[in-house]
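For reference, the structure is listed below as structure tokens.
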Amino acid sequence: MLDLRPRILAVGTANPPDRYSQADLLARFKVDDPKIVSLFSSSHILSRHLYLPPGRPEGGPEPESQADLLRKHRRGALEVAPKAVAACLDQVGLRPADIDYLCCITSTGWLTPGLTAILMKELGFREDCSRVDIVGMGCNAGLNGLNPVASWAMANPGKNALMVCIEICSAAYVFDGSMRTAIVNSLFGDGVAAVLVRASERDERSFAPKILGFDSHIITEAIDAMRFDWDEAEGKYSFFLDRDIPYVVGANAEKPIGRLLARFGLRRRHISHWIVHSGGKKVVDAIKYNVGLTDHDVRHTHSVLRDYGNLSSGSFLFSLSRLLAEGRVRRGDYGVLMTMGPGSTIETALVRW
Amino acid sequence: MYETLKFDEQGDIATIRLGRPRINVKQIRELERVCDHLEDVSTAKVVVLRGHSLGIDFLDFDPKAGMDIHGFNKWEKLVSRFENLDKVTVALVDGPAVGGGFQLTLVCDQRICVPGASFQLNEVPLGFLPGMATFRLAKYVGLGHAKRIVMTGAVIGADEARRLGLVDMVTDDLDAALAATIASFGPMHTVAFSLARRLLNESYGTQIEDALGNFLAAQHRAISQTAFLDTLRAEQKKS
């Protein structure tokens, strides 16, 4: 039987050139508040790629206005996204001109025209390429985007859909010495991930995961747990993370996963691969003990967090890329993709190789 | 239904009786089917593994064919599934528990045996390894005793097994001991029980910082269950 479900044919990733350890950051900005020093040293992050302003002799970064941050977002996106797109398309021998549908996702800057238009101009996509920009949905947005991308691919067999998660989190930094901003500044990193999705009989024999379905979950009682606020004093958007997020997410994680697996008559033991968003150490712990995952199940989630920090919407695609590179996946294996973010939201998808 | 074992379920108790002297491929498949049932369908709260076993059946191996590690992996996956069932598991040993038989008892939550029972990991003297007993045994008996048991293949009698902490009770009356053991667990709060077991099983291989994060995640799950809310209401009524 002809199977025309969409497949993830390639994943490409890229990051800004400069990489910093947590200690580098404390030294660069001469941070000596013991609570912030301890936050940076206890985190499970070894390094992150970031666009950082120079430090001032008296400590702290050279000031950046909201306008500077918006420019940084655009500049960073234009430097990193083309590399991730090329890394993705090279794997399947395609060029931007072969893409029929482009979806860009970001929560770290506001642009009109959006990132899809900017990439069209810079990278040589065709003028009749369809586009959509998903802006402001946060860390879960990669799966909120993959859902319509997969639907588009299924409705347009043989056509190439490209999704690009572009997060320049250092364009959303506020440095005011508070714990609120220190938590955000210690966690997020910059990076771009691109995936090519296509539903085509050409790919029937390819070893690429088919996207079987999605399940969403929103916890509206916790709508304020992760959010951008306008900081009057700083004149910037400032991200806020509630300390109870891990527990809210953990307590609800079983719901979408249970529904998703039940729809396909599967049990958790049938899932060989878990691709979980690298939200932070505590939220990953909460998922481990609520969904019943082992450290081995979340090894890529941990290692992506360690090497890049939280890359927001693209994080889970960095983990997927590591899973594919590892060479352990076998034909017929099932995988669950899972992202968490503002709303509070848990998004899940089921794939099969 | 099963050829190599007997399985029955009465009320809260599911019982598996091993029905052949050695563990063969067929018995492993049937134990997997039992695990499917226990995980997917069964509402039992206690699983009893009853009988004795002389370990792996060498008739399953063809010395002329190449040796295959995947069967051992299948075995370990089965043992690990058994270890993580969301039910109390009790081993009732009524004879020798050798090799894989001994390994299965090590993943149960409680072990009870008759005075004539014995425990032996005879694999190393036979030229192979006693599965992941190399990982689990020392947690019960300490490294010194574990080395002796694994490396010499010593036969451990019931009394010595009791002294070493390998079994929890030695008795002629397994049924009475089982009833007492089940009663000792009190009301079984599946979630708290499974989480406690997981944290204990992980306790020898985790850094304290990681263990603390794991504990907090598990504790939040436990206190979010209705069982804990019921406890709170009952305790507050008392005072």
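We name chains A, B, ... by the order of the sequence lines, and we start the count at 1 in each one.
Taking the side-chain contact (heavy atoms from CB on, under 4.5 Å) definition, one finds that S47(A) meets it with R19(A), sequence neighbours left out. When the side-chain contact (heavy atoms from CB on, under 4.5 Å) test is applied to D33(A), the partners found at least two apart in sequence or on another chain are K35(A), I36(A). Legend: residues meeting salt bridge (charged side-chain N to carboxylate O under 4.0 Å, His left out) with R328(A), ordered by chain and number and at least two apart, are E326(A).
Ring pair F7(B)/H37(B) is perpendicular by interplanar angle, where above 60° counts as perpendicular and below 30° as parallel.
Considering only heavy atoms from C-beta on, M188(B) comes within 4.5 Å of I182(B) through its side chain.
Under the 6.0 Å cut-off for aromatic ring centres, F239(A) and Y173(A) do not qualify, their centroids lying 6.0 Å or more apart. Residues H49(A) and Y308(A) place their aromatic rings such that the two centres sit under 6.0 Å apart.
Among residues 206-226 of chain B, the residues having any heavy atom closer than 4.5 Å to a heavy atom of chain A are, in sequence order, D210(B), G213(B), N214(B), L216(B), A217(B), A218(B), H220(B), R221(B).
At a 4.5 Å heavy-atom cutoff, the contact between K288(A) and chain B is made by backbone and side-chain atoms alike. Contacts between D36(B) and chain A at a heavy-atom distance below 4.5 Å involve backbone atoms as well as side-chain atoms. Neither the backbone nor the side chain of N84(B) comes within contact range of chain A; no heavy atoms are under 4.5 Å apart.
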